Number of protein chains: 2
Amino acid sequence: MVRAGLTTDRVVEAAADMADDVGFENVTLSAMARRFGVKDASLYSHVKNLKDLRERVALLAADEWAARIAAALAGRAGKDALIAFAGAYRTFAVDHPGRYAATFMQLDPAVLAGSTAHRRILELTSSLLLAYGLAEPDLTDAVRLLRSTFHGYASLEAIGAFGHPRDIEASWERALHALHFTLENWASSDPSRAARG
Amino acid sequence: MVRAGLTTDRVVEAAADMADDVGFENVTLSAMARRFGVKDASLYSHVKNLKDLRERVALLAADEWAARIAAALAGRAGKDALIAFAGAYRTFAVDHPGRYAATFMQLDPAVLAGSTAHRRILELTSSLLLAYGLAEPDLTDAVRLLRSTFHGYASLEAIGAFGHPRDIEASWERALHALHFTLENWASSDPSRAARG
DNA sequence: CTACAATTCCTAGGCATATTAGGCAACTCA
DNA sequence: TGAGTTGCCTAATATGCCTAGGAATTGTAG
């Protein structure tokens, strides 16, 4: 009996690759077993169950994603940083749809709390916005707006919700200009302050 | 043998309700069968298969959703309309998470092309933006920005991605003000035009 | 090097779900 | 009331998740 040489890491990475291929929700333990030439049951020595595997993929994906974003942001500030951040964000989602989807699976609060990567992405977003001169609670509001926009765009693009494929890139850039403008004029868009000013 | 009185419509509506309860991806034919007190196989007289059922739920949800948005928009214009639109959008997502998720399942292009509701939502968005004086290609760009932001916010909220539950409402309103501001100043956020003007 | 321990993988089996084929019973309507 | 349609059934197959318990392989300590 020749062993397949399975490892938790190896299984998780293969699962992430398969997610990119066939969609995160279609990753299956039996398929993973086939890929490694072992029986289903053998995988349970390496992951607890399907949910555990998914969580691990989510954490792996978040790690890789955060690294990409951090790299893109290095040494940039202001609009440059915003464009770089957005580019890294969307490129990851396009290149790795399965990993991207994994990143947004509903995680146990405990697992999520232990994830450096998820926290890091939040921090990177915050630091990006600090450059726009935002402070709490505007900061949280703006972080949410950015995440929503990016996530919404990436998700809609992924499911093919946008009609003309040619325009997608242009619309994205236009959205980024709009976001930059919004962030630069954050205070003026707040009626409670603009009324006074 | 007393008949259960199944109908395609009845099955689809029950599936939509179940989606709201347990999540769209957890809707199962066997569970539906149990709910109606029939055997699994009996459902195949009313829907082709699971995929078919899901598509039908998606179309039903889109219908209901479009109706809500249309009702909210009636007689409003400008920022009022934006707020109403956004409110109806998000309320639907919060009240009917399963139906909402269904609306964003990946549909066969043919099915999607035949869906009045999906088209109607697009039209409603467009008409909303026409009031801001936008024309193509700005219109398409802005429609995509709006959809992305709304969808992103609703999705992230649904999976509990936002930390403090108390602030979610406030952040949402702040996002809407920001969007309104962006739309009102759409041209100025475009570098290719702002440079000239 | 060898014996014990831990680890990897297997067989066997149970349960849930999706789906097809073919049949009988219950409705419908001429 | 009788023919045809439809609604629901039984039976059977396939796939997937998961557990229990056993055998082979590898690691380790004497």
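Quick caveat: nothing in here was measured; it's all calculated off a predicted structure. Residue numbering restarts at 1 for every chain, and letters A, B, ... go by the order of the sequence lines.
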Report all side-chain donor-acceptor pairs from residues 153-161 of chain A shorter than 3.5 Å, counting only partners two or more places apart or in another chain.
unit_1   : atom_1 : unit_2   : atom_2 : d
A/Tyr153 : OH     : A/Ile168 : O      : 2.9
A/Tyr153 : OH     : A/Trp172 : N      : 3.2
A/Ser155 : OG     : A/His151 : O      : 2.6
A/Ser155 : OG     : A/His151 : ND1    : 3.3
A/Glu157 : OE1    : A/Arg90  : NE     : 2.8
A/Glu157 : OE2    : A/Arg90  : NH2    : 3.1

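Judged as a side-chain hydrogen bond (donor to acceptor under 3.5 Å, both in side chains), the pairs with a partner in residues 42-51 of chain A (not counting sequence neighbours) are, in order, A/Lys51-A/Asp108. Each side-chain hydrogen bond (donor to acceptor under 3.5 Å, both in side chains) pair with one or both residues in residues 76-85 of chain B, not counting sequence neighbours, appears once here: B/Lys79-B/His177.
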Pairs: protein N or O with nucleotides 15-20 of chain C N or O, under 3.5 Å:
unit_1 : atom_1 : unit_2  : atom_2 : d
C/dT17 : OP2    : B/Arg34 : NH1    : 3.1
C/dT17 : O5'    : B/Ser30 : OG     : 3.2
C/dT17 : O3'    : B/Thr28 : OG1    : 3.0
C/dA18 : OP1    : B/Thr28 : OG1    : 3.2
C/dA18 : OP1    : B/Leu29 : N      : 3.3
C/dA18 : OP2    : B/Thr28 : OG1    : 2.9
C/dA18 : OP2    : B/Leu29 : N      : 2.8
C/dA18 : OP2    : B/Ser30 : N      : 3.0
C/dA18 : OP2    : B/Ser30 : OG     : 3.1
C/dT19 : OP2    : B/Tyr44 : OH     : 3.3
C/dT19 : OP2    : B/Leu50 : N      : 2.8

For nucleotides 5-7 of chain C, which of its nitrogen or oxygen atoms have a protein nitrogen or oxygen under 3.5 Å away, and what is each distance?
unit_1 : atom_1 : unit_2 : atom_2 : d
C/dT7  : O2     : A/Arg3 : NH2    : 3.2

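Contact annotation: B/Ser42 reaches the phosphate of D/dC9 (side-chain N/O to OP1 or OP2, under 4.0 Å).
Partners of A/Glu64 by side chain to side chain contact (heavy atoms under 4.5 Å, CB included), not counting sequence neighbours, listed by chain and number: A/Leu60, A/Phe92, A/Arg99. Here A/Ala15 pairs with A/Val27, A/Met32, A/Leu53, A/Val57 under the side chain to side chain contact (heavy atoms under 4.5 Å, CB included) rule; sequence neighbours left out. Residues satisfying the side-chain hydrogen bond (donor to acceptor under 3.5 Å, both in side chains) test with A/Trp65, not counting sequence neighbours, are none.
In this structure, A/His46 places its NE2 atom 12 Å from C1' of C/dC10, rounding to the nearest Å. Distance, A/Glu25 CD to D/dG16 P: 15 Å, rounded to whole Å. Rounded to whole Å, atom P of D/dT19 lies 13 Å from atom CG of A/Leu43. B/Lys39 places its NZ atom 15 Å from the P atom of D/dA12, with the value rounded to the nearest Å. If you measure from atom CG of A/Leu6 to atom P of D/dA24, you get 19 Å, rounded to the nearest angstrom.
Membership of the apolar cluster around A/Phe181 extends to B/Phe181, as traced through chained side-chain contacts below 4.5 Å between ILVMFWY residues.
A donor-acceptor pair under 3.5 Å is formed between the side chain of B/Ser115 and the backbone N or O of B/His118.
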